Structures are given as structure tokens and as C-alpha cells.
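For reference, the structure is listed below as C-alpha cells.
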Amino acid sequence: MRSSSVCDPYAEIRECVVKAVARAAEELGLGVDPRTVGSLLQEPPKPEFGDLALPLPRVSRQLVERCAELAPLAEDIGGECVERVECVGGYMNIRLRSGYLVGRLAEALSKCGSSYGIARRDKPLRVLVEFVSANPIHPLHIGSGRNAALGDFVARAHELLGDVVERRYYVNDLGLQVAYLVYGYAKLGRPKCPPQMKDDHLLGLIYAAAYTVADISRLKKRMESASEAEARELRRELDSLVADLLRIRERVPGLVDELLRAAEAASEDVEREVRELSRALELGDPSLAELHGEVIGRVVSGIRATLERLGISFDRWDYESELVRSGLVDELLARARKSEFFTYHKGAPALDVGRLAERPEIREALAVSKSMEIPPLVLARSDGTTLYTTRDLAYTLKKFSESGADLVYNVVAVEQTLPQAQLRLALYALGYEREARSLVHYAYEMVNVKGLAMSGRRARYVTVDEVLDALVARARSLARERGVEISDEAALKIARSALRYVMLSVSPRKTLVFDLDQAVGVKAGTATYLQYTLARARSILSKYGREIEFSRVGADGLSGKRRELALLIARFPEVFRRVATELTPEDMVSYLNRLAEVFNPWYDSDPVLAEPDESLRNLKLMLVYGTKTVIENSFRLLGLDALERV
RNA sequence: GGGCCCGUGGCCCAGCCAGGAUAGGGUGCCGGCCUUCUAAGCCGGUGGUCCCGGGUUCAAAUCCCGGCGGGCCCGCCA
């Protein structure tokens, strides 16, 4: 990371303070490690305690005892940056010299301008982020929304660090699920979309209907040979399936009946039919190519439209069927057979990655948790067809080789932790050590929707489109209440930012309970609150209409909210760097909420433009400019939209 | 059965990895503030056995051990 210290005022401040404390301790004959002091310096819980605090017992016992001697010395030595040092209950509380703080901040903001806080890497990396990659059988649901927001954040973080980033979507257009959809679609004679409905939504219903019809016939068959007790249980299941089917029928009248009629008329074993179809699709049966392409194309275009509403686009869309036909999967299988880890697991060809995982240093290097049990990775079925993870293995190598990536992210749900670990181990086992080390599973927990058990197979899901629609409607009505009409574009920006904000505000490892009413409400602690804060700051600056004279910023009025704000703005580069490198968007959200919570009350109580004293007015303007810049740059990182008016 | 993750006011979340001051926000509820840079705002009030029990420590929401509760994974599914 380029340490352009000018652009990181807090690092400079910290360095100056640490030096003062360390030298003072030295003069008293107490050896303290400056690095320890630096890492322990913290923000006091209350502004009265000063700007920085050092918990003394953590450094050394003697420091506690001799703090009274130490404090004046440190105050003296650090005169450039330190105004006052006090000893209170085991702490050394440090108040910074206002002039120093203001000076550092003014310098940073004037020199770094709109890139304030953004630290670029010395040597840019090539980074590939694969995300969303939802199966092309239904519209994006809310879980994919979380994936989309997080994946785009990862990509943005690297872009802002100066890396060259490629976004990819892996279209899983093979497998049983797709076959169910193709089956239903063909039986219905390639139906057109009813008005007011998107293709992906229609086909999602067809998929669910086909799957449910097959499930029902499976159940009926089982009931024929079931005991009475079992039959009762099955009957209950059947009722629930039928209820699901009826619910789907409500949304697309006629379609379900037609499907049932078609299936019955042919007196087909739907399940067997679908299996055969799946095999034919994987083999690339030319008579199915057009139908297959049409089905996948319609769903993908719907998904693409949803992503566009979210403001997300991909550099490449990779199709699984093309991967299989390119022969890469076969090549990989051949290579696996020659591996020392090749084995047979219950008769099926496999890689014994568990054996590799016995070595603790390998687990360490590949980020596989210490005691996770690793079963062998089965590569193919007895009939020779490949399994998903095998194809993913081939795809991973393709990702590395095509892009020349130094780092590849798979943004994938946490429930896939084991297959993702197997993937890295398998790469290593096959001799791709660098790739194995450079493959990152960026995991996230699932999204639950309040009061709904989700299931794609039953078309029980909340879609990203619905959520966006609801948010757009809400944004409109709130604006109308205030007597303002907002443009479609503004409403969409409010909506998609609100959605992204919710997805990024909670740590990815926590299950997110999505409450539509709450996300739709635009209050404090939402994206809209931040957009509003930014609009206020921008409004002041545009009314001022001139360049801020950073060289004539006064330090006298730096107290209360103004001081808090200055410190927060000074700390931004540090926060930004941490969030962008550790990929913890929730930290940025917390920071922004705090910033807005300081800015807004200050805004209310302390007029900027009406300030008669010039140097104080410049100080206030600098704080407004700092707030604006910090929010704008955070938005670039999080993928939130700025608005001129809210 | 084994593994991974989570448990903080009615509800949601931050803090935990790198232990430190009276545990922070939001939301909800009650009351107040628009002639002054955007009231999607601001101010005040209300509300907590940091899941439980031990241990380590001058100091534990944070570290360790043992429980309890919830989620996910352990397939020739993806």
C-alpha cells in the first residue's frame, strides 16, 4: 500500500503522539515499545477524555505508577501535536493541539481532494470476482441480492485499491434443474410472457410447476405401496404440494392445468423423461440446442435486467455447457487419473483430498479449518457423467488461465464451505498450488425473509425485482408526502441503495433477516439517511460556490461537534483501508452512520454560510467538504448512489 | 454422532480476532422543535442478568473450558 502519509492525517497524528510518549518514557528510564503504544492508542469513550487514550496497564505496570511524571514530559516533547496529557484512572488521556489537527486535515483535504482516503496499491493485482451465478431457472431472489451486493463490493474494493478487476457470472445451464425447466417449457409450447411479467419470473413459475408435478407423481407412486401410517404422512405432504401448485396456478392461470394435461396425456414418467433430457443436454444433442438456448437466454436476459436495476454489470458470462463442450472437463479428469491422490470412492473415480488435508500446513495455507472432516471428492458418476464440483474445478482453472488473475474470489453461500474447501485442496493435489492459495471463498450467510419459508422448487421466494418495486413505490410516496415529485431514476437510486445498504450493513457471516417493511422505511440507519446527509453537505458547498481556502482555516473554534467531526474525517483513510483490504463492508456502514449522526445535529445547530468570522467559516466549510468527500468515497466503495436532492 | 457459524434492551445491529473508563447505535413507544444552509432532519424521555456456569487476569461482552438454544454442512444433488 502506498503510504502517502499526507492523505492519512490520522496516521501522522498517531505517529507524532507515539513518538512523544515513547521518548518521554525513555527519559524516565522506562523502555516501551513504540509499536505497542501505537496499537494500543484508542479512541476514548467520551470526548471529555480527550482525543486519544492509552490504557497504561497494557503497556507496563510502571507506567501506571509513574504516569504523573510521564504526562508533563510527553506534553513537552510532543508539543507540536499534543496540547494536554492527563492521567485518569489508569489511562493517559491526550488532547491534540487544535492547530495541528486542523492543519493536518486541511493539508490532506486540499492535496488529496476527491481521492481523500483512497489508498492505491504500489503494484496492482489482477483480480477476478465470480459472483451471483444464480441458476438460470428462476428470477434472482433476495439471497442472490445479498450475493450481488457483496460481490460488487469486493470488486469495487479492489478497483479502488488500483487493481484490475474482472466480474464474471457462471451460468449453470446444465443439470437436472435446468432439465425440469426445459421439459415444462417444451410441454407448454414455448409460452409467451403475459403482460406485466418478466421472462425470468414466468420461467421460474414453469420450473416450479414442472418440478412440483413430478414430485406429486413420485409421491403418488410411493403411496401405492405404502402402509397405512406411511400413507397418512404422504397424504399430508401431497396436500402441501397441491397447495403449492394451486398457488402457482393463481399467478399464471391456465399454465399449470395445461402442464398437468400434457403430462397425463403422454402418460409419461416425468422423472425419467427429465433425466434423459438432462443427459441429452449435457451431451449437446443438436436437436435440443435451439430450445435449450431459448430457455436459458430468456431467463438470463431477465436476470441481467434485474442486475441492471441494481447497477451491476458483468464483464463475462461463462456458460457451463460451453465449458463441458470445450473439453476442459475431460482434460481435467485425465489429469486427475494420473494424480497420486486419485482413488475410487465406492466405485466412483475420486480425489482423496482428505489425505492431503491431513497435513496441517496445507490446511493453514488453503484456509481450511483445522478439524473439518474432508471426504474424498467424487469426480464422476458411475455412468461417466461429471459432477458439479468437477466442472467447477475445470472452470476455476479456466478463470485463472484466461484472466491471468493473481486472486480469484468465489462469492458463494457459507453452506458451500466444504465443497469450496475440497475445490482448493483438489487444485493443490493436481499441482495447481498457486491457484489453490489464491482462490478465496468469500462466504456469506443466507437471507431469511420474515414470515416466509423459501424454496425455489416451490416458487416460494422473494425476488429482487419485487423488493426493488416495493422500495421504489415507497420512495415515491414519501416524496409525494413532502410535496416533491421524484424522477424514475432518483426513485430507483434510492431503492437500490436501500437494498444494497441492508445487505452490506450486517456482517456476511450472520444470517440476515430481511424485513421488507423495515428496509422500505427510510429512516436513520438507512442508505437514504446517508444520501440525505450527503445532499445537505453538497447543498451548502454549491451555495457557497467558491473554492475553500484551506490555507485560511482557523483552529480556534474546534470544539464540540466540530471537533468530533474533524477527528472522524481524519480517521477515514484508516477505516477505508481496513474495509477495502479485510472486506468488511459492515465496518464502513457503522462508520458512516456515526459520521452522519455527528454531522446532522451539527448542521442543525451551527450555520455555516451565515458565519461572520472568516477563519471559522473556513473551518466549517472544510468540515462540510470533508464530510461530503468521505461519504462520496464510501459510496464508491459500497456501491451506493449519491443524489443531488433527496 | 462429527464439524463450522451465531446468541448483546420488545425487534435489528456494532463492539469480540489484537481484554481496559459508566456496553454504543438504530428501530419501537412517549413528549417537544420548521420566518434562518433540505424536517427522509433535530432535541428530550423510555428500555440491558452482553444465553448459562466455571476458569485465567489488577481488569472479561471480548480469552480458555463445560453446558444450553438456533442455523448450516457431513450425497455418484447443485
Side-chain angles (χ1 to χ4, degrees), chain A residues 36 39-40 42 44-46 49 53-58 61 64 88-91 93 135 172 174-178 320 345-350 369-375 378-392 413-419 421 443 445-446 448 450 474-475 478-479 481-482 484 494 502 505-507 509-513 515 518 521-533 535-544 582 586-587 589-591 593-594 596-597 599-611 620 624 644-646:
Chain A
T36 312
S39 67
L40 288 173
Q42 54 187 243
K46 287 189 167 192
F49 293 142
L54 182 69
L56 297 170
R58 290 288 302 284
R61 190 66 63 87
V64 185
V88 184
Y91 283 87
N93 290 335
N135 291 341
N172 194 320
L174 294 176
L176 274 184
Q177 297 183 316
V178 171
E320 190 176 25
H345 182 67
K346 297 176 187 167
S369 79
K370 283 188 278 292
S371 40
M372 184 158 67
E373 198 180 315
I374 311 286
V378 175
L379 296 167
R381 300 186 182 89
S382 315
D383 68 1
T385 56
T386 55
L387 289 154
Y388 177 79
T389 318
T390 311
R391 301 194 290 263
D392 204 16
V414 74
E415 65 199 30
Q416 307 232 24
T417 300
L418 176 61
E445 265 287 0
M446 59 155 118
N448 288 322
K450 221 176 167 184
R474 175 71 178 198
L478 273 167
E481 276 171 33
R482 300 173 59 211
V484 187
I494 290 172
V502 172
S505 63
V506 178
S507 162
R509 66 169 182 276
K510 285 201 178 188
T511 311
L512 188 73
V513 180
D515 182 343
Q518 210 173 305
V522 276
K523 296 264 180 187
T526 65
T528 318
Y529 179 65
L530 299 175
Q531 289 171 318
Y532 179 70
T533 307
R536 279 176 146 186
R538 280 181 169 181
S539 170
I540 291 175
L541 294 171
S542 76
K543 284 214 165 70
Y544 180 64
E582 292 177 20
E586 69 277 15
D587 288 348
V589 170
S590 297
Y591 170 86
N593 285 336
R594 243 191 101 195
E597 277 158 21
F599 180 84
N600 282 318
W602 173 62
Y603 172 97
D604 253 33
S605 61
D606 192 15
V608 175
L609 298 176
E611 174 56 53
K620 292 181 181 182
V624 174
E644 288 316 308
R645 295 197 59 82
V646 173

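These numbers come from the heavy atoms of this one structure, side chains and all, not from hydrogens, waters or symmetry mates. Labels below follow one simple rule: chain letters A, B, ... track the order of the sequence lines, proteins then strands, and each chain is numbered from 1. Because the structure is predicted, anything quoted here is derived from the model rather than measured.
Between A:Arg594 and the phosphate of B:G24, there is no side-chain N or O to OP1/OP2 separation shorter than 4.0 Å. Look at A:Arg538 and you won't find any side-chain N or O under 4.0 angstrom from OP1 or OP2 of B:C37.
Taking the six-membered ring for Trp and thresholds of 30 and 60 degrees, A:Trp602 and A:Phe599 have ring planes more than 60 degrees apart, a perpendicular arrangement.
When heavy atoms are screened at a 4.0 angstrom cut-off, A:Thr417 is found touching no nucleic acid atom at all. Here A:Ser507 lies in heavy-atom contact (under 4.0 Å) with sugar-phosphate atoms only. As judged by a 4.0 angstrom heavy-atom cut-off over every strand, A:Ser369 is placed among residues touching the sugar-phosphate backbone only. Residue contacts shown for A:Arg645 include a base, since a base heavy atom lies under 4.0 Å away. Residue A:Arg58 is classed as a base contact, given a heavy-atom separation below 4.0 Å to a base.
Comparing A:Asn600 and A:Asp606 against RNA chain B, the residue whose closest nucleotide sits nearer the 5' end is A:Asp606.
The nearest whole Å value for the distance from the CG atom in A:Leu609 to the C1' atom in B:U38 is 13 Å. Here the C1' atom of nucleotide B:C5 and the NZ atom of A:Lys370 are 15 Å apart, to the nearest Å. Protein atom CZ of A:Arg509 is 11 Å distant from nucleotide atom C1' of B:G15, rounded to whole Å. The OH atom of A:Tyr529 sits 20 Å away from the P atom of B:C13 (whole-angstrom rounding). A straight line from CD of A:Glu611 to C1' of B:U36 spans 14 Å, rounded to a whole angstrom. When the C1' atom of B:G25 is taken as reference, atom CD of A:Glu597 falls 6 Å away, rounded to whole Å. Atom OH in A:Tyr603 sits roughly 12 Å away from atom C1' in B:C34 (whole-Å rounding). Note: NZ (A:Lys510) to C1' (B:A14) measures 8 Å, nearest angstrom.
Between A:Ala350 and A:His345, the shortest heavy-atom distance links the atoms CB-CB, 3.9 Å.
Both distances falling under 3.5 Å, in either a Watson-Crick or a G-U wobble arrangement, occur for no nucleotide opposite B:A14. The partner of B:U57 cannot be assigned: no Watson-Crick or G-U wobble pair with both contacts below 3.5 Å exists in any strand. Applying the Watson-Crick and G-U wobble criteria (two distances, each under 3.5 Å), B:G41 pairs with B:C33. Across all strands shown, B:U46 is found opposite B:G28 as a Watson-Crick or G-U wobble partner, with both distances under 3.5 Å. Taking a pair to require two hydrogen-bonding distances under 3.5 Å in either a Watson-Crick or a G-U wobble arrangement, B:C72 pairs with B:G3.
Atom name C1', nucleotides B:G15 and B:G26: the rounded distance is 15 Å, in whole Å. B:A23 and B:A59 have their C1' atoms separated by 15 Å, given to the nearest Å. Nucleotides B:C73 and B:U27 place their P atoms 35 Å apart, quoted to the nearest Å. Comparing the same atom, C1', in B:G54 and in B:A60 gives a spacing of 13 Å after rounding to whole Å. Remark: the separation of the C1' atoms in B:G19 and B:A78 is 43 Å, to the nearest Å. The P atoms of B:C11 and B:C17 are separated by 26 Å, rounded to the nearest whole Å. Atom C1' of B:U22 sits at a distance of 26 Å from the matching atom of B:C42, rounded to the whole Å. Atom C1' of B:U49 sits at a distance of 31 Å from the matching atom of B:G3, rounded to the whole Å.
A:Glu445 CD to A:Arg509 CZ: the interatomic distance, rounded to the nearest 0.5 Å, is 10.5 Å. The CZ atom of A:Arg58 sits 9.5 Å away from atom OG1 of A:Thr36, with the distance rounded to the nearest 0.5 Å. Here the straight-line distance linking atom CG of A:Leu512 with atom CE of A:Met446 works out to 11.5 Å at 0.5 Å rounding. With values rounded to the nearest 0.5 angstrom, A:Asn172 atom CG is found 4.5 Å from A:Asn135 atom CG. With values rounded to the nearest 0.5 angstrom, A:Thr533 atom OG1 is found 9.5 Å from A:Glu597 atom CD.
With hydrogens and angles ignored, the 3.5 Å screen pairs a side-chain donor or acceptor of A:Ser605 with a backbone N or O of A:Pro601.
Glycosidic torsion of B:C11 falls outside 90° of 0, placing the base in anti.
Ranking B:A14, B:C42, B:U38 by closeness to the A:Asp587 side chain, first place goes to B:A14. Of all nucleotides listed (B:A59, B:A14, B:U38), B:U38 comes nearest to the side chain of A:Arg482.
Looking at A:Ser539 and A:Lys543, their side chains come closer than 4.5 Å, going by heavy atoms from C-beta outward. Between A:Val608 and A:Tyr544 the shortest side-chain heavy-atom distance does not fall below 4.5 Å. At least one side-chain heavy atom of A:Leu418 sits less than 4.5 Å from a side-chain heavy atom of A:Ile374.
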### Message
Base contacts versus sugar-phosphate-only contacts with protein, heavy atoms under 4.0 Å: please encode nucleotides 69-78 of chain B as B, S and - from 5' to 3'.
### Response
--SSSS-BSB

Short N/O separations, protein against nucleotides 21-23 of chain B, under 3.5 angstrom:
{"unit_1": "B:A21", "atom_1": "N6", "unit_2": "A:Asn93", "atom_2": "OD1", "d": "2.8"}
{"unit_1": "B:A21", "atom_1": "N1", "unit_2": "A:Asn93", "atom_2": "OD1", "d": "3.1"}
{"unit_1": "B:A21", "atom_1": "N1", "unit_2": "A:Asn93", "atom_2": "ND2", "d": "3.0"}

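Between the side chains of A:Asn600 and A:Arg536, at least one donor N or O lies within less than 3.5 Å of an accepting N or O.
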